[in-house]
Number of protein chains: 2
Amino acid sequence: MDTNDEMIKIQNCMHDAGFKLTFQRQAIVKVLLDHHQEHLSAEEIYIELLKQSFSFGLATVYRTLDILTEMNLLTRVSFEDGIARYDLRTEDRRHFHHHLICTQCGKTVEIHQDLLIDVEKLVAHQYHFEVSDHRLTFLGLCADCQRKKALGDVSHR
Amino acid sequence: MDTNDEMIKIQNCMHDAGFKLTFQRQAIVKVLLDHHQEHLSAEEIYIELLKQSFSFGLATVYRTLDILTEMNLLTRVSFEDGIARYDLRTEDRRHFHHHLICTQCGKTVEIHQDLLIDVEKLVAHQYHFEVSDHRLTFLGLCADCQRKKALGDVSHR
DNA sequence: CTCTATGCAAAGGTTTTGCACTACC
DNA sequence: GGTAGTGCAAAACCTTTGCATAGAG
């Protein structure tokens, strides 16, 4: 689905839920769509808007993110730094989206592949838990840092 | 492994790393051990200490948690509320520990079963990522809320 | 006895809120 | 035109830090 279609879809959702389509909200949704792989925080979205010469309040960003989260169009994710980040949650991306975080350099990579179909079935049966979504994050070393570590082990010590 | 053994093990770790075994730190570790299934936040630990008639600073709790986290005896986990919570990370619990969060009542259940052995192998090969740990959380409806929802659908609407 | 750990309070950073003003529907 | 949304600043919240004091090794 292209960005424009998704834009319209999200706007329709908001409209149907009785929210007004303000200029600010549209700009925020656009930033989210344009950066949907990056897990922006509220402040990063705000800075992105400033770059685009929009200048409106950080509070509005938070309020819009709250609305989208409430409507289940957006998911709040927290990594280890205590800052809330946001993931767009469009149908075709749902369930196909996990994170790899490098503990060395901090880089976050998204993987788009559903690895948990079987695991979810097991959880549903064994724990009587009706799964609607999941969060899966792997911590470890990315390829770059594995290489650096191997080199470091040779040159030092 | 019983609580006392773990207590001693953790104290040895701290001692070996050159940290002093103060009364406060021992009390905090004890709270963590006694509540190891509950993912306490710093403040909840502090309140638990108050209940036990210890009265020392919240800053000390944070500092102790930082030390334990740095030593990899503890893992910081963040759920969606933006408050840092902590999981003890003793050897036999590592990798056998995921969360089920009910989106209705907010209840969190731990499951102790490694569901990800195969998935980790796949990630290692396919993405050249050396996995050292993982976080897996399922969101959905717990058995109770499934039941309530079923009843509600009948009585209302 | 030394150096680390503590307690308190103040500062820091992120998020929320109150209120007057604006603008969408 | 009425109501929901905005901006600003202040508050609230969780966490960290500075500094004088206390206590472990």
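If you're wondering where the values come from, they're calculated on a predicted model, not measured in any experiment. Convention: sequence-line order gives letters A, B, ...; per-chain numbering from 1.
- Nearest heavy atom pair, residue S55(A) against residue L50(A), reads CA-CD2, 4.1 Å.
- In summary, the aromatic rings of F23(B) and F54(B) are positioned with their centroids under 6.0 Å apart.
- For the pair M14(A) and I10(A), the minimum side-chain heavy-atom distance is below 4.5 Å.
- Here the C1' atom of nucleotide dG25(D) and the CD atom of Q11(B) are 15 Å apart, to the nearest Å.
- The interatomic distance linking Q24(A) (CD) with dC21(C) (P) rounds to 18 Å, in whole Å.
- Take the nearest nucleotide of DNA chain C for K20(B) and for G57(B): the residue whose nucleotide is more 5' is K20(B).
- Here the P atom of nucleotide dT16(C) and the CD atom of E43(A) are 14 Å apart, to the nearest Å.
- Annotation for V123(B) and F138(A): closest pair CG2-CE1, 3.7 Å, computed over non-hydrogen atoms.
- Across all strands, F23(B) comes closer than 4.0 Å to no nucleic acid atom at all (heavy-atom distances).
- Between R63(B) and the phosphate of dT15(D), there is no side-chain N or O to OP1/OP2 separation shorter than 4.0 Å.
- Distance R76(B) CZ to dT16(D) C1': 10 Å, rounded to the nearest Å.
- When each of dC25(C), dT17(C), dT15(C) is scored by its nearest atom to the side-chain atoms of A59(A), the top-ranked nucleotide is dT17(C).
- For E44(A) and dT15(C), the CD to C1' distance is 15 Å, given to the nearest whole Å.
- Taking the six-membered ring wherever Trp is involved, the centroid distance between the rings of F56(B) and Y46(B) does not fall below 6.0 Å.
- The distance from atom CG of L21(A) to atom C1' of dC24(C) is 9 Å, rounded to the nearest whole Å.
- At its two ends the helix from dC1(C)-dG25(D) to dC25(C)-dG1(D) runs along axes set 40° apart, each axis drawn from five pairs and the angle rounded to 10°.
- Between the CD1 atom of I83(A) and the C1' atom of dC13(D) there is a distance of 15 Å, given to the nearest Å.
- Computed from coordinates, the Q26(B) CD to dA5(C) P distance equals 14 Å when rounded to whole Å.
- Remark: the E110(A) side chain and the H39(A) side chain contain an N/O donor-acceptor pair separated by less than 3.5 Å.
- When the side-chain nitrogen and oxygen atoms of T22(A) are compared with OP1 and OP2 of dC24(C), none of them lie within a distance under 4.0 Å.
- Where G18(A) and Y86(B) each meet DNA chain D at their nearest nucleotide, the meeting point lying more 5' is that of G18(A).
- Contact between the side-chain N/O atoms of Y62(B) and the OP1/OP2 oxygens of dT15(D) is found at a separation under 4.0 Å.
- The two residues M71(B) and C13(B) come nearest to each other via the heavy atoms CE-O, 3.2 Å.
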